[in-house]
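This is a predicted model, so every value here is computed, not measured.
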Amino acid sequence: MESCNVELIFDHVGHFGRFQIVLYLICVYQSISCGIHYLSSVLISIIPEHACKPPGTVRKAVFHNVSAWRLEDILALRSPEHKDHITVELQDGEIWELTRCSRTWRENTSHLGYEYSGYRRDSPCSDGYVYDQSKWRNSVVRNFNLVCDQKWYATIIQPLFIFGVLLGAITFSYLSDRFGRRVALWCTSIGVFFFGIASIFIFDYFSFLAARFFLVMAASGYFVVVFVYVMEIIGQKSRTWASMHLNTFFAIGAMLVALVNYLVKPWWLYQIILCIMTAPFILCCWMLPETPFWLLSEGRYKEAQGIVDAMAVWNQSSSCDLVELLSLDVTRSQDKSPQGARKHSLADLFSNPDVTRMTIIVWLDWFTANLGYYMFGMEAIRRKENEPLYLLLVGAVEIPAYVCLCLWLKRVGRRKTMFTFLSVSSLACGVYMAMPSNYKTVKRVVALTVKIVIGSVFAFIYLYTAELYPTTVRCLAVGSSNSVSYVASLIIPLSSHFSKVWILLPQILFGILAILSGLLSLKLPETQNTPMTSTWETTEQQVPENKDSLDETPSDIFKRWRSGRALSFVERWGLSRAPSDVGKWGSGRAPSDAGKWGSGRAPPDAESEGSGRAPPNADSWGSGRALPEENTEMENEIENVGMSNLGVSDGDK
């Protein structure tokens with residue numbers, strides 16, 4: 001059985017050296033493409049404001065008391081709530097009343113007024129439709145005229161894309177845990193490149209739909225796998241900010257979509273620009289090696305040693321012998337043939353009651369985060385007052401939010417952050433509901449605040465979920481949680497039906513779920529500053545959450561005393577572990593008497609010293625340090641605390 005702490009590798013070869021920097025830059029570039037393809041798939045399905053096209057050139061258009069020389073200018077002012085017609089006068093003098101799906105000819109050509117009571121004749125939209133291009137210039141709805149009797153073709157685009165995201169997350173996460181991170185990254189990268197290019201040269205609706213479905217499926221799978229890949233290739237000291245800022249580059253991709261949509265009008269040029277931005281990654285994705293975490297979990301120790309050696313060369317550091325460092329059983333690799341290897345599945349996330357409870361809470365957190373993100377963020381795209389530049393601003397605001405979140409996580413921890421952010425989003429949602437409807441600007445600011453807070457939760461929950469599960473099911477845990485979260489995206493379109501029952505029902509539902517999931521998150525283990533493990537067996541060997549006796553010891557003592565001498569002194573007194581009685585040792589660490597030492601730590605007598613720890617006498621200190629003859633003032637302070645903590649268990653003896 002290998003050591004619980006695979007993180008020891010990075011203490012030797014470096015946590016974030018040149019090797020990891022190169023791989024990280026490759027990974028984040030493709031994360032930009034994920035943001036591009038994801039948001040562009042949302043935007044192209046938007047139904048822009050439209051009207052039935054008249055049978056001629058428009059001379060003047062009138063909508064109630066507003067008039068303009070171009071029909072498009074009137075459409076830019078009309079919102080989906082307006083059901084009335086638009087009156088237009090053509091160059092030949094004919095007057096028509098235009099609605100979204102029909103047009104009516106007026107007999108009296110001398111009366112351009114909006115109200116008319118004379119003879120009319122209805123006719124179908126045989127000449128097509130006129131679309132508002134002031135905000136959403138590139139839309140598949142406009143290209144294929146998916147309005148009126150063809151509108152249902154447009155309504156199935158977004159649910160189909162969401163299903164592709166859901167399917168991609170669960171499929172490629174399974175492949176990643178089964179065949180390796182590298183294989184999954186290659187497959188998704190090739191899929192993003194191929195289907196991205198294919199979507200440019202497809203001009204019929206069904207082929208376009210198929211290409212876009214597989215494109216978002218590959219992009220979704222890539223983002224799930226690359227998140228786990230970055231966490232396993234970068235050391236613990238740099239892992240939090242590196243993994244969190246994958247979301248920063250995703251936001252940059254979304255910002256690029258909004259900017260290109262604003263600057264570029266032709267549909268084909270819009271598609272080419274977005275695909276060219278993502279193409280270079282395919283030239284360097286072959287450089288991505290497998291992660292040592294996954295190789296060790298599969299028993300492929302020689303390959304893991306090769307990756308570690310290469311990492312040491314690139315980082316100009318000293319390598320390490322994994323067999324010696326992690327106490328590896330080399331015979332284990334011979335038993336892990338493809339036929340005998342255990343196939344991990346979704347059932348592993350429910351292997352026992354504790355794991356089942358953890359999985360359900362994590363899934364609820366993901367679902368709530370995505371529900372709020374769509375309710376206050378992505379769904380706002382469909383509102384008329386939100387322009388592409390507004391989306392650019394929303395993406396720009398997310399970047400400093402991620403920076404602040406990294407600093408917050410370092411000080412507060414994972415589960416308290418989850419509870420705090422979900423509670424704040426629920427409170428802000430309550431403020432949003434309580435505000436009068438005429439406070440549009442303030443309500444928009446509050447909605448943006450909720451979107452940023454819940455978006456931060458949605459960003460950091462990737463990190464938290466990956467830390468909770470071992471390597472064997474880590475990617476599957478993140479992918480399945482991501483898939484569960486997108487069920488909320490399928491529910492969002494139904495919110496209009498919920499609003500008919502009560503207009504505030506969707507917001508109330510989110511507020512309740514946010515409070516509930518925040519409270520349940522306090523039941524999850526705290527993973528800050530704890531090493532990630534490779535298998536369920538090594539996970540069970542770790543100290544249970546918040547059981548460390550250091551919680552009962554004043555922390556300032558250790559902040560002021562960080563030398564190796566003090567560390568060995570503390571370990572001698574057992575201050576960094578649980579009390580020494582059998583009942584309180586719960587993570588594979590045995591008591592200090594000779595008969596109970598069984599986890600690789602020998603008893604403190606000379607005859608049983610066998611794990612690199614010498615007995616506490618001056619002659620047996622083998623690391624070049626002599627036993628101190630008398631305690632310093634700081635050692636006396638630590639000793640007093642240690643004796644007070646150990647006094648109860650000594651008395652029990």
query = Which is it for Tyr469 and Thr359 under the side chain to side chain donor-acceptor pair (under 3.5 Å) test, yes or no, and what are the steps along the way?
reply = CA-CA 10 Å; Tyr469 293 86; Thr359 300; 2.8 Å; yes

Partners of [X] by side chain to side chain contact (heavy atoms under 4.5 Å, CB included), sequence neighbours excluded?
X      : answer
Phe16  : Gln20, Ile21, Tyr24, Ile234, Ser238, Trp241
Leu407 : none
Leu364 : Thr368, Leu513, Leu516, Ser517, Leu520

task = Identify the heavy atoms of Ile454 and Ser425 that sit nearest to each other, and give their distance.
result =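 That closest heavy-atom pairing would be CD1-OG, 3.8 Å.
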
Would you mind reporting whether [Y] and [X] have side-chain heavy atoms less than 4.5 Å apart?
X      : Y      : value
Gln30  : Val226 : no
Thr356 : Leu349 : no
Leu23  : Phe19  : yes
Cys406 : Phe460 : no
Val165 : Met217 : no
Thr472 : Asp177 : no
Val225 : Cys475 : yes
Phe223 : Asn482 : no

request  = Any side chain to side chain donor-acceptor pair (under 3.5 Å) involving residues 213-234? Give me the pairs, sequence neighbours left out, ordered by first then second residue.
outcome  =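 Side chain to side chain donor-acceptor pair (under 3.5 Å) check on residues 213-234 returns Arg181-Glu232, Glu232-Thr291, Glu232-Arg474.
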
Hey, could you give me the [atom1]/[atom2] distance between [X] and [Y], rounded to the nearest 0.5 Å?
X      : Y      : atom1 : atom2 : value
Ile452 : Leu405 : CD1   : CG    : 12.5 Å
Ser481 : Tyr462 : OG    : OH    : 9.5 Å
Asn247 : Ser31  : CG    : OG    : 8.5 Å
Thr417 : Ile461 : OG1   : CD1   : 12.0 Å

ask   = Do the charged groups of Glu7 and Arg239 touch, with an N to O distance under 4.0 Å?
value =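 Yes, charged N to carboxylate O under 4.0 Å.
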
query = Under the side chain to side chain donor-acceptor pair (under 3.5 Å) criterion, do Trp366 and Ser483 qualify, and how do the steps go?
reply = CA-CA 9 Å; Trp366 277 80; Ser483 298; over 6 Å; no

inquiry  = For Glu398, give me all partners under salt bridge (charged side-chain N to carboxylate O under 4.0 Å, His left out), at least two apart in sequence or on another chain.
reply    =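 Partners of Glu398 under the salt bridge (charged side-chain N to carboxylate O under 4.0 Å, His left out) test: Lys451.
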
query = Residues in salt bridge (charged side-chain N to carboxylate O under 4.0 Å, His left out) with Arg414, at least two apart?
reply =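 Counting only residues at least two positions away or on another chain, Arg414 forms a salt bridge (charged side-chain N to carboxylate O under 4.0 Å, His left out) with Glu467.
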
ask   = Applying the side-chain contact (heavy atoms from CB on, under 4.5 Å) test to Val308, which of Leu295, Leu296, Leu322 qualifies?
value =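 The option that passes is Leu322.
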
